[in-house]
Amino acid sequence: MKLTFVLRDKKNALKLSTKTIESFVERIKTDTKDRAVGRRREQFWHPDAIDSYDRQFPSHLVYPSAEFEKDSNDNLRMKIFNGVVTLTIDNLQNAAEIEAAKQAARILNYTLAAFTGPSGKEVIILVRIAKAEATYSEEEADVICRNGWQLASAIYQGILPKPIRKETISVRSCFHMPLDPHPYYNPKAASLPVSEKPESWGQSHDLNSDQNQANSPQDSESEEVSLETQRLIDFLNVRYDFRFNTIMGYTEYRDKSHHYCVWQPVDDRALKGLTMKVRLGGIDARDNDVRRYVQSDMIRSYDPISDYLWEQYDKWDGKDHIRKLARTVPTKNPYWEDWFYTWFLGMVRQWQVTNLAKYGNQAVPLLISTQGWNKTTFCEQLLPPELSWGYTGNLQMDNKKQVLQQIAQMLLINLDEFNQISPHTQQGFLNVCEDQASIRTTC
């Protein structure tokens with residue numbers, strides 16, 4: 001049996017390798033020379049930054065359920081099904097709880113391996129559910145994995161100290177590289193008797209047939225609804241990536257089948273398109289069913305500001321680029337460079353919404369010149385291309401709702417032709433900005 005290791009570098013190039021299960025168990029006993037696993041574990045003290053860290057420092061993903069290969073389009077293609085499914089027990093607080101979970105997993109002879117997971121706060125259990133190196137299509141392997149996970153969860157949960165993590169299961173389920181000096185490995189693990197029929201675990205592998213026979217019609221109907229909901233979630237997650245943009249306040253999606261696709265908001269038009277594709281996939285779902293999932297807290301949060309700032313970590317060349325930028329503005333004011341420097345640092349600090357950011361800039365730059373001196377161009381260039389979405393120079397001062405929304409969402413607001421705004425409106429807007437100063441800034 002061979003596990004697949006996948007790494008996508010910063011240029012999205014796919015790198016793939018395989019190891020036997022024995023080599024994998026031996027490999028995870030020690031970290032790499034540069035402490036790749038240990039350094040990544042340290043980032044879990046800052047959970048909002050872990051996605052940014054992974055993009056900055058890509059790490060291997062381990063695919064235990066199958067051996068994969070690359071196709072001609074640089075995508076994964078299943079080669080051999082390993083007959084293994086993963087159970088994860090997380091939120092373990094200390095070494096004693098981790099050891100207790102590993103010891104519990106050893107009780108059952110279906111456990112192929114059990115080890116501490118990538119964050120150091122979970123235990124991953126590899127459960128054998130079918131003969132290794134079996135010949136199945138990927139669709140057939142997905143069915144066996146889902147049925148196997150349901151059966152294994154029901155059996156193992158009774159002996160484990162904490163709940164098994166609920167997650168979308170497929171033959172492509174994976175995890176980041178773990179680290180455990182004392183992993184458990186049982187090469188003679190037996191296979192669970194898992195059905196190969198779609199969604200048939202409840203009928204083929206009853207743990208208590210008398211109880212199942214006594215189930216009411218309402219219970220059966222509830223089980224069917226749960227299975228249909230899980231099929232909907234599986235369908236969406238296999239084909240799309242989702243994230244909730246905490247700054248813009250909406251969910252975004254990206255098609256996994258096209259690497260060049262950018263993140264798009266799940267607006268009404270996109271929602272209807274997703275629903276139609278779900279229905280064409282044979283799942284009886286409505287707009288509300290899809291909306292209920294994509295707008296739920298099951299979608300991971302994403303902060304584009306923290307993501308960008310984290311990627312700039314340790315990249316400064318030691319030069320004062322802010323004052324250099326200030327010197328591009330012709331002025332006789334000897335304090336301009338220092339004022340601009342302080343304001344700029346305050347602006348970036350206000351982007352980071354924390355308890356420490358209670359106060360914002362108490363002053364804003366006011367650029368005065370005749371027409372054609374590129375004042376607007378200067379403001380537009382204050383943000384890098386990655387954050388250009390956060391700039392606006394088109395604020396409708398008479399629309400209070402828009403003003404409040406853009407103060408909350410935009411990183412930099414340019415009040416063009418400020419002298420043409422009535423003094424009453426100017427004062428009112430600046431008062432609003434002061435009230436919201438911990439959120440954003442104004443130029």
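Keep in mind the model is a prediction, meaning the values are calculated, not measured.
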Is it true that a side-chain atom of [X] and a backbone atom of [Y] form a donor plus acceptor pair closer than 3.5 Å?
{"X": "Q103", "Y": "E99", "answer": "no"}
{"X": "W351", "Y": "I305", "answer": "no"}
{"X": "T32", "Y": "A36", "answer": "yes"}
{"X": "T111", "Y": "A113", "answer": "no"}
{"X": "T251", "Y": "V294", "answer": "yes"}
{"X": "D180", "Y": "F115", "answer": "no"}
{"X": "R39", "Y": "D34", "answer": "yes"}
{"X": "E26", "Y": "E22", "answer": "no"}
{"X": "R279", "Y": "A285", "answer": "yes"}
{"X": "R106", "Y": "N109", "answer": "no"}

Evaluate whether atom NE2 of H182 has more than 12 neighbouring non-hydrogen atoms of other residues, nucleotides or ligands under 6.0 angstrom away.
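No, not enclosed.
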Quick one: does [X]'s side chain get under 4.5 Å of [Y]'s, heavy atoms only?
{"X": "L232", "Y": "D289", "result": "yes"}
{"X": "I89", "Y": "L92", "result": "yes"}
{"X": "L3", "Y": "P64", "result": "yes"}
{"X": "E139", "Y": "M78", "result": "no"}
{"X": "W310", "Y": "Q312", "result": "no"}
{"X": "L14", "Y": "K70", "result": "yes"}
{"X": "K2", "Y": "E67", "result": "yes"}

To the nearest 0.5 Å, what is the distance between [atom1] on [X] and [atom2] on [Y]?
{"X": "D303", "Y": "S52", "atom1": "CG", "atom2": "OG", "answer": "8.0 Å"}
{"X": "L387", "Y": "L411", "atom1": "CG", "atom2": "CG", "answer": "6.0 Å"}
{"X": "R292", "Y": "I233", "atom1": "CZ", "atom2": "CD1", "answer": "11.0 Å"}
{"X": "D90", "Y": "K121", "atom1": "CG", "atom2": "NZ", "answer": "11.0 Å"}

Take the angle between the ring planes of Y63 and F68 and call it parallel below 30°, perpendicular above 60°, tilted in between.
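Geometry flag for F68 against Y63: perpendicular rings.
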Is the ring pair F5/H60 parallel, tilted or perpendicular, if the boundaries are 30 and 60 degrees?
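Rings of F5 and H60: perpendicular, as their planes differ by over 60°.
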K102 vs E97, test: salt bridge (Lys or Arg N to Asp or Glu O under 4.0 Å). Steps then yes/no.
CA-CA 9 Å; K102 290 165 60 177; E97 290 190 355; over 6 Å; no
Salt bridge check, [Y] against [X]: does any charged N sit closer than 4.0 Å to a carboxylate O?
{"X": "E138", "Y": "R77", "result": "no"}
{"X": "K33", "Y": "D31", "result": "no"}
{"X": "R231", "Y": "D234", "result": "no"}

Name the one of T86, V84, V171 that satisfies side chain to side chain contact (heavy atoms under 4.5 Å, CB included) with C145?
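That would be V171; it is the only one of T86, V84, V171 passing the side chain to side chain contact (heavy atoms under 4.5 Å, CB included) with C145.
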Full working for salt bridge (Lys or Arg N to Asp or Glu O under 4.0 Å) between K315 and D317:
CA-CA 6 Å; K315 288 186 178 180; D317 59 7; over 6 Å; no
Quick one about [Y] and [X] (side-chain donor to acceptor, distance below 3.5 Å, no hydrogens or angles considered), yes or no?
{"X": "T275", "Y": "D287", "result": "yes"}
{"X": "D241", "Y": "Y253", "result": "no"}
{"X": "S119", "Y": "E122", "result": "yes"}

Both conditions, 6.0 Å and 45 degrees, for the charged tip of R323 above the ring of Y341: are they met here?
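Flagged: R323 positioned over aromatic ring of Y341.
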How close do [X] and [Y] get, heavy atom to heavy atom, and via which atoms?
{"X": "S191", "Y": "A130", "result": "OG-O, 3.5 Å"}
{"X": "R40", "Y": "P118", "result": "NH1-CB, 3.9 Å"}
{"X": "F81", "Y": "S65", "result": "CD1-O, 3.2 Å"}
{"X": "A152", "Y": "V127", "result": "CB-CG1, 4.2 Å"}
{"X": "N245", "Y": "P304", "result": "OD1-CD, 3.5 Å"}
{"X": "A101", "Y": "V123", "result": "CB-CG2, 3.9 Å"}

Under 6.0 Å between ring centres: does that hold for F235 and Y293?
no
